[in-house]
Amino acid sequence: MPDRDVDLFVVGAGSGGVRAARIAGSYGARVMIAEEYRVGGTCVIRGCVPKKLLVYASRFADEFEDAAGYGWTVGEPTFDWAKLIANKDREIARLEAAYTTALERADVKLVKGRAVLKDAHTVRLVSTGEEIRTGHILIATGAAPHPGHPIMGIEHVISSNEAFHLTALPKRVLIQGGGYIAVEFAGIFAGLGAEVTLVYRGENILRGFDDDVRAHLRSEMERRGIRIICGRTVAAVEPTQDTFTAKLSDDSLIEVEKVMFATGRRPNVAKLGLEAAGVRLAKNGGIAVDEFSQSSVCNIHAVGDVTNRINLTPVAIREGHAFADTVFGGKSTPIDHSNVPTAVFSEPEVGAIGLTEAQARHRLPKVDIYKTLFRPMKATLGGRDTRSFMKLVVDASNDRVVGCHIVGPEAGEMIQLIGVAVKMRATKADFDAIMAVHPTGAEELVTMREKAVSYERQAAE
Ligand SMILES: Cc1cc2nc3c(=O)[nH]c(=O)nc-3n(C[C@H](O)[C@H](O)[C@H](O)COP(=O)(O)OP(=O)(O)OC[C@H]3O[C@@H](n4cnc5c(N)ncnc54)[C@H](O)[C@@H]3O)c2cc1C
């Protein structure tokens with residue numbers, strides 16, 4: 001294609017797009033990237049990073065409570081939401097600038113504005129109408145909040161996008177949803193002093209996680225004063241004077257200052273010109289791709305949330321990097337989506353990798369379960385009423401640890417490291433062989449001796 005302007009055009013400068021553009025640039029490709037909102041994408045601008053900063057802010061409440069038990073006299077703490085948001089925004093702006101600089105250093109040309117596909121080799125910049133001829137296209141447009149079925153008053157409902165920019169901390173909040181974003185924001189608002197009600201249509205929060213984790217997190221959240229209502233939905237939201245009244249599917253009414261929906265996210269595939277280019281979608285609404293992130297059109301790839309595989313930042317980054325290695329680096333690099341560790345920054349935190357107990361029982365003939373429940377040492381002197389929970393799921397036919405599930409302080413940090421062992425196919429005997437680090441919470445993971453339960457599938461089952 002001698003008439004092309006660039007070798008690679010990346011649509012979307014989020015986690016996956018930025019990594020792919022930089023790596024392709026480092027291989028000598030001429031790369032252009034378009035971003036319609038802010039460089040850094042969801043994770044940096046209105047996802048993982050600002051969320052974790054708010055989580056940190058919310059956790060000081062427990063610290064103040066614990067401090068008294070350790071001899072500290074802490075005056076009546078006061079909290080300034082506006083200051084937190086301003087400081088958070090400053091940090092996000094710094095990160096956005098760092099991402100932009102990283103693109104410049106890799107000789108990637110950044111265009112601010114929306115880009116759409118005209119055909120398999122042409123991208124159109126919407127604001128100027130300019131058309132760019134390119135050898136390859138990478139679609140990395142991410143996903144956006146989806147409010148679910150339309151209800152009366154939906155215009156009064158915010159999503160996580162707006163939650164990061166509220167001008168004041170609401171005193172009473174209703175959050176609809178049971179996924180990780182819903183439980184994380186419930187913990188944030190509650191930790192900062194709001195009265196929180198979580199409404200979820202399913203039978204329990206955190207669908208897809210281990211059942212014991214779901215039950216334990218729910219009881220811990222309720223212990224912290226979060227009201228959790230399962231099996232119901234928000235049917236309507238009506239503005240009252242300074243508040244909103246949410247009507248639930250059982251006709252009960254809840255009055256709050258803010259209603260937030262965290263009811264799922266949908267891949268950003270609309271009005272992108274995918275049909276014109278011949279790019280097919282998968283049943284889950286994402287762009288259909290193979291293990292090399294190649295779409296149904298051979299020179300068009302897609303990575304990250306727009307493919308709706310595992311919607312996490314490190315996965316998008318790895319997919320973007322592997323794409324650049326494969327297409328521009330001469331290193332064919334498929335992505336392995338098995339055993340991806342994950343954390344939920346709820347209060348307390350959740351860390352998980354591998355099979356849940358139910359999945360293991362379904363897939364494996366023999367399963368051993370180890371679990372423990374204990375009070376974190378730091379909570380003892382202050383008398384804070386909380387428990388940590390840990391579970392190991394073991395394939396009893398070969399002793400391999402095939403799942404690990406943690407609820408408690410630093411669960412995210414722990415699961416990152418346990419993930420190495422699980423990915424390396426460590427056995428329960430390997431876990432037992434390592435000396436414990438004492439006194440830590442993590443030592444409980446390597447000192448579980450008694451099986452809580454064993455399952456063996458009968459031949460006829
Ligand atoms: C509240 C929240 C908390 C989260 N917390 C975590 C967490 O703790 N850990 C974790 O791993 N993941 C977390 N995630 C998920 C994570 O943010 C995403 O998985 C990740 O950002 C996906 O990266 P991506 O490159 O696919 O898309 P994105 O980062 O969303 O980037 C896509 C970019 O494309 C741009 N774009 C879209 N269409 C166009 C177009 N036509 N032209 C130009 N630009 C376009 C968008 O503006 C956006 O900047 C969280 C998400 C949310 C919403």
Side-chain angles (χ1 to χ4, degrees), residues 9-21 32-56 95-96 99-100 110-118 123-127 132 137-146 158-165 175 177 179-185 188 260-274 286-287 289 293 301-321 323 340-346 349-351 411-412 415-416:
F9 195 105
V10 181
V11 187
S15 306
V18 167
R19 174 60 69 93
M32 192 179 274
I33 189 167
E35 172 52 54
E36 69 176 353
Y37 183 54
R38 292 179 64 182
V39 174
T42 304
C43 173
V44 174
I45 307 297
R46 45 194 182 185
C48 338
V49 175
K51 184 259 319 266
K52 189 80 187 278
L53 295 174
L54 300 196
V55 167
Y56 281 135
L95 288 172
E96 185 182 8
Y99 268 69
T100 307
L110 170 67
V111 284
K112 295 300 287 289
R114 184 170 175 80
V116 295
L117 277 58
K118 186 178 173 220
V123 176
R124 189 167 60 83
L125 306 180
V126 174
S127 61
I132 312 291
I137 295 173
L138 179 70
I139 303 171
T141 50
H146 183 73
I158 63 165
S159 72
S160 56
N161 285 353
E162 293 78 39
F164 289 118
H165 298 287
I175 299 174
Y180 77 95
I181 295 176
V183 299
E184 288 174 342
F185 272 94
I188 290 168
M260 170 177 163
F261 279 10
T263 40
R265 294 173 61 80
R266 290 255 172 102
N268 284 329
V269 291
K271 298 184 184 149
L272 261 186
L274 297 181
I287 293 179
V289 287
S293 299
H301 290 67
V303 296
D305 287 9
V306 75
T307 62
N308 214 356
R309 288 177 279 183
I310 298 178
N311 299 332
L312 293 170
T313 289
V315 178
I317 291 174
R318 184 66 71 87
E319 289 167 358
H321 200 127
F323 152 77
V340 173
T342 185
V344 179
F345 297 100
S346 44
E349 212 162 281
V350 173
I415 209 68
Q416 179 68 84

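Counting convention: from 1, in listed order, for ligands and their atoms alike. The analysis underlying the following values was restricted to heavy atoms, covering all of them including side chains, and did not include hydrogens, waters or symmetry mates.
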**OP:** Determine the sole option in Ile132, Leu117, Val10 for which the side-chain contact (heavy atoms from CB on, under 4.5 Å) test with Ile137 is passed.
**Re:** Leu117
**OP:** Verify whether the ring centers belonging to Phe345 and Tyr56 lie closer than 6.0 Å.
**Re:** no
Original post:
With Ile139, which of Asn268, Thr307, Leu274 fulfils side-chain contact (heavy atoms from CB on, under 4.5 Å)?
Top reply: Leu274
Original post:
So which protein residues pack against ligand 1 under 4.0 Å, heavy atoms counted?
Top reply: Val11, Gly12, Gly14, Ser15, Gly16, Ala34, Glu35, Glu36, Tyr37, Arg38, Gly41, Thr42, Cys43, Arg46, Gly47, Cys48, Lys51, Gly113, Arg114, Ala115, Ala140, Thr141, Gly142, Ser160, Tyr180, Ile181, Arg265, Leu272, Gly304, Asp305, Asn311, Leu312, Thr313, Pro314, Ala316, Phe345
**OP:** Nearest 0.5 Å please: distance from the OG atom of Ser15 over to the OH atom of Tyr99.
**Re:** 5.5 Å
N/O donor-acceptor pairs under 3.5 Å from side chains in residues 32-39, not counting sequence neighbours:
| from | atom 1 | to | atom 2 | distance (Å) |
| --- | --- | --- | --- | --- |
| Glu35 | OE1 | Ala13 | N | 2.8 |
| Glu35 | OE2 | Tyr37 | N | 2.6 |
| Glu35 | OE2 | Arg38 | N | 3.4 |
| Glu36 | OE1 | Arg114 | NH1 | 3.0 |
| Arg38 | NE | Glu96 | OE1 | 2.9 |
| Arg38 | NH2 | Glu96 | OE1 | 2.8 |

Original post:
Going by atom types alone, do Ser159 and Arg265 pair a side-chain donor with an acceptor below 3.5 Å?
Top reply: no
